[in-house]
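Chain identifiers are assigned alphabetically (A, B, ...) following the order of the sequence lines, protein sequences preceding nucleic acid strands; residue numbering begins at 1 within each chain. Side chains included, hydrogens not; waters and symmetry mates left out as well; all remaining heavy atoms used.
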2 protein chains.
Amino acid sequence: MKKLEPRDLSRDQCPVMKTISTVGDRWILLILRECFLGFKRFDDFHDNLGVSTSVLSIKLNTMIDRGLLYRKQYRNEGRRSRFEYRLTGMGWDLIKVVIALMEWGNEHLIKKGEPTLDILERGTGQDTKLQLINEEGGRTDWYELKLRVIEK
Amino acid sequence: MKKLEPRDLSRDQCPVMKTISTVGDRWILLILRECFLGFKRFDDFHDNLGVSTSVLSIKLNTMIDRGLLYRKQYRNEGRRSRFEYRLTGMGWDLIKVVIALMEWGNEHLIKKGEPTLDILERGTGQDTKLQLINEEGGRTDWYELKLRVIEK
DNA sequence: CGGTATCCCGTGTGATACTG
DNA sequence: CAGTATCACACGGGATACCG
């Protein structure tokens, strides 16, 4: 384990950069939000996001290629078969990214009186927020943070 | 407090969309990463990120306009004055977004043997991770989540 | 050193038309 | 309904030159 200068992971090596290259796209992040809200079908995404069908088609296929979604065929009684788009485990793990974006937006960009999008615990209905937790289960204060490059 | 259909905050009203419009830019997120690592000067950003000076100039000004950074003049003994770019409170609050991107990248995109970027507690050196915490201080399991639109 | 202005090109995006 | 194909256009981005 060796300490690197941050410039050593300047471009392609940095996990932040890699993640941005994978999901740092206006439409991909918004499609993910729709998935977390429970939507699964092409027209749901189209209607809710107002994205053009051509772009939506490209984005969904890109997300499948990148392992964020998979396409699942299903058939309702007596109807023809349909496809739905479901989150993979990797895609589901992006919920922390979407929640972080959501919390920041609620705090800094939403004016009074405007609706917010919030997350609650399903069972208790309690509000729940992202926090940094250390190995002992305690909260880490933000000013106590130190970012470090670790070479395995 | 009234429940809305998610489609009601389809475009400009949604906090996720607003946040993406504000910071959902490859360069802005990476400049933020540099700020969290402690860098402050134009040439630091330029050298570390490999971004062209023209784009960097535009992005820094955009970030100032959007309230993420401010420019501070300083002067070392007998030298001419310089500017540095510092995070505002609003900019600093984006650290959860950057950490979420980083954690996901470390988990899903970094191959064995490649360096990762990690965060530690400054005092204890302990590893620290983002988690969802409910009102009583307990952890929320991811499958217990429910996103809901709240009108104030 | 610390930037800004200009040019040029590739990509992202929406509109529209089309297919099974 | 569930998409794909094509086209036209705006915008982001790098290279380069320039400025105080």
Quiz item: For C:dG2, does either OP1 or OP2 sit under 4.0 Å from a side-chain N or O belonging to B:Arg41?
Solution: yes
Practice problem: Check whether any side-chain nitrogen or oxygen of B:Arg82 sits under 4.0 Å from OP1 or OP2 of C:dG2, and answer yes or no. | Solution: yes
Quiz item: Strictly by modelled atom types, are A:Tyr85 and A:Arg71 linked by a side-chain donor-acceptor pair under 3.5 Å?
Solution: yes
Practice problem: Consider only side-chain N and O atoms of A:Thr140 and B:Glu121, and report whether a donor and an acceptor are under 3.5 Å apart. | Solution: yes
Exercise. Mind checking B:Tyr85 for me? I need base, sugar-phosphate or nothing, with any heavy atom below 4.0 Å counting as a touch.
Key: sugar-phosphate
Self-check item: Shortest side-chain distance from A:Asp43, nucleotide among D:dC1, C:dC1, C:dG3
Solution: D:dC1
Quiz item: Any side-chain N or O of A:Lys59 under 4.0 Å from OP1/OP2 of C:dG12?
Solution: no
Quiz item: So A:Trp92 and A:Phe36, would you call those rings parallel, tilted or perpendicular, with 30° and 60° as cut-offs?
Solution: perpendicular
Quiz prompt | Separation of C:dG20 P from A:Phe42 CZ (nearest whole Å) | solution = 17 Å
Self-check item: Rounded distance [0.5 Å steps], CG in B:Asp47 versus CZ in B:Phe42
Solution: 10.0 Å
Quiz prompt | Nearest-angstrom distance from the residue atom CZ of B:Arg26 to P of C:dT11 | solution = 13 Å
Exercise. Rounded off to whole Å, could you give me the CZ-to-C1' distance for the B:Phe45 and C:dG3 pair?
Key: 13 Å
Quiz prompt | Where protein sits on nucleotides 15-20 of chain D, one letter per nucleotide: B base, S sugar-phosphate only, - none, heavy atoms under 4.0 Å | solution = BB---B
Practice problem: Could you state the atom-to-atom distance from CG of B:Leu30 to P of D:dG14 in whole Å? | Solution: 11 Å
Practice problem: Have a look at A:Val97 and tell me which of A:Leu101, A:Ile99, A:Asp93, A:Ile95 forms a side-chain contact (heavy atoms from CB on, under 4.5 Å) with it. | Solution: A:Leu101
Quiz item: Counting side-chain heavy atoms from CB outward, which of C:dC1, C:dG14, D:dG3 is closest to A:Trp27?
Solution: C:dG14
Quiz item: What is the distance from CD1 of A:Ile31 to P of C:dG12, rounded to the nearest Å?
Solution: 14 Å
Practice problem: Kindly work out whether a path of hydrophobic side-chain contacts (I/L/V/M/F/W/Y, heavy atoms less than 4.5 Å apart) joins A:Ile119 to A:Leu87. | Solution: yes
Exercise. Please say whether more than 12 non-hydrogen atoms of neighbouring residues, nucleotides or ligands are located less than 6.0 Å from CZ in A:Arg122.
Key: yes
Practice problem: Take atom CG of A:Asp25 and atom P of C:dT11, then tell me their distance rounded to the nearest Å. | Solution: 15 Å
Exercise. Return the value, rounded to whole Å, for the distance between atom NZ of A:Lys72 and atom C1' of D:dA2.
Key: 18 Å
Quiz item: Once you round it to whole Å, what is the distance between P of C:dG3 and CZ of B:Arg71?
Solution: 6 Å
